[in-house]
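A short worksheet on the structure shown next.
Note that ligands are numbered from 1 as they come in the structure, with each ligand's atoms numbered from 1 the same way.
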Amino acid sequence: MTAKKRVGVLISGRGSNLQALIDAAKAPDYPAEIVLVISNVPGAQGLARAEAAGIPTCVINHKDFASREDFDQALDAKLTAAGIELLCNAGFMRLLTEGFVTRWQDRHLNIHPSLLPAFKGLHTHARVLDEGAKITGCTVHFVRTAMDDGPIIAQAAVAVHPGDTEESLAARVLQAEHLLYPHALRLVASGVVRVEGDHVVGMTRQSGQSALFSPPLHGTFD
Ligand code: GRF
């Protein structure tokens, strides 16, 4: 097997997607290893997850910097010093400057809890419920300067259930996120997919499922 790609993960909080990546990367045939976790928030729960897995961590607190540029430069210096080849945002709640985004272009992934380009931004699940959408999901994409924008690597569709709350919907989508992110990182790290123009191409396998119906097509409706 060729050398595993050295991955850095950026977090701001809970780190459950980070955990999914850590767990996936334990498989001997996984093409990436998580070698550094950086949080912009001191004490973020994800830092403890990384430490428990023996992964080096670092806090770069955005509040310690006079400008976004200075913060991003510190981030970039740390990532470069650690020999990071691929970068994953996992609940990282900072917008990055154009210079940083350009430098990491097509090597920088993000996960967002909706079927992009629908429902970009914050409070995704509340807005999905407000709209009465019947299907939502999650997306892993390459980062561009605009928020939640960029070539889409992989998506999972998730049904909205009658009576869902923001919390119940978030929990169902999160389960899909934990499967999707390791899957997408595998595709990128193994070199199966690549960016061409605004699209990610190279995947030849198709999904076995043709459609998700919500409400379901069959069954009783009482
Ligand atoms: C996830 O829903 C992710 O899609 C979004 O922020 C949340 C982070 O959760 N960007 P966690 O920190 O990975 O548990």
Q) Should you measure from each heavy atom of Gly15, which atoms of ligand 1 turn up under 4.0 Å away? A) 11 (P), 12 (O), 13 (O), 14 (O)

Q: Under 4.0 Å from a heavy atom of Glu177: give me the atoms of ligand 1 that qualify, with their elements.
A: 1 (C), 2 (O), 3 (C), 4 (O)

(Q) Is there a polar contact, in the sense of an N or O pair closer than 3.5 Å, between Arg14 and ligand 1? (A) yes

Q: Identify, for atom 8 (C) of ligand 1, the protein heavy atom at the shortest distance, and state residue, atom and that distance.
A: Gly91 CA, 3.6 Å

Q.
Any nitrogen or oxygen of Gly13 lying under 3.5 Å from a nitrogen or oxygen in ligand 1? Just yes or no.
A. no

Q.
With a 3.5 Å distance limit and no angle check, can you tell me whether Asn110 reaches the backbone of His141 through a side-chain donor-acceptor pair?
A. no

**Q.** Side-chain donor-acceptor pair present, His161, Arg172, cut-off under 3.5 Å
**A.** yes

Q) By salt bridge (Lys or Arg N to Asp or Glu O under 4.0 Å), which residues pair with Arg6, not counting sequence neighbours? A) none

Q) Going by distance alone, is a donor N or O of one side chain under 3.5 Å from an acceptor N or O of the other, for Thr139 and Gln155? A) yes

Q | Sub-3.5 Å N/O-N/O distance, Ile111 and ligand 1 | A | yes

Q: Using a 4.5 Å cut-off on heavy atoms from C-beta on, say whether the side chain of Val59 contacts that of Leu47.
A: yes

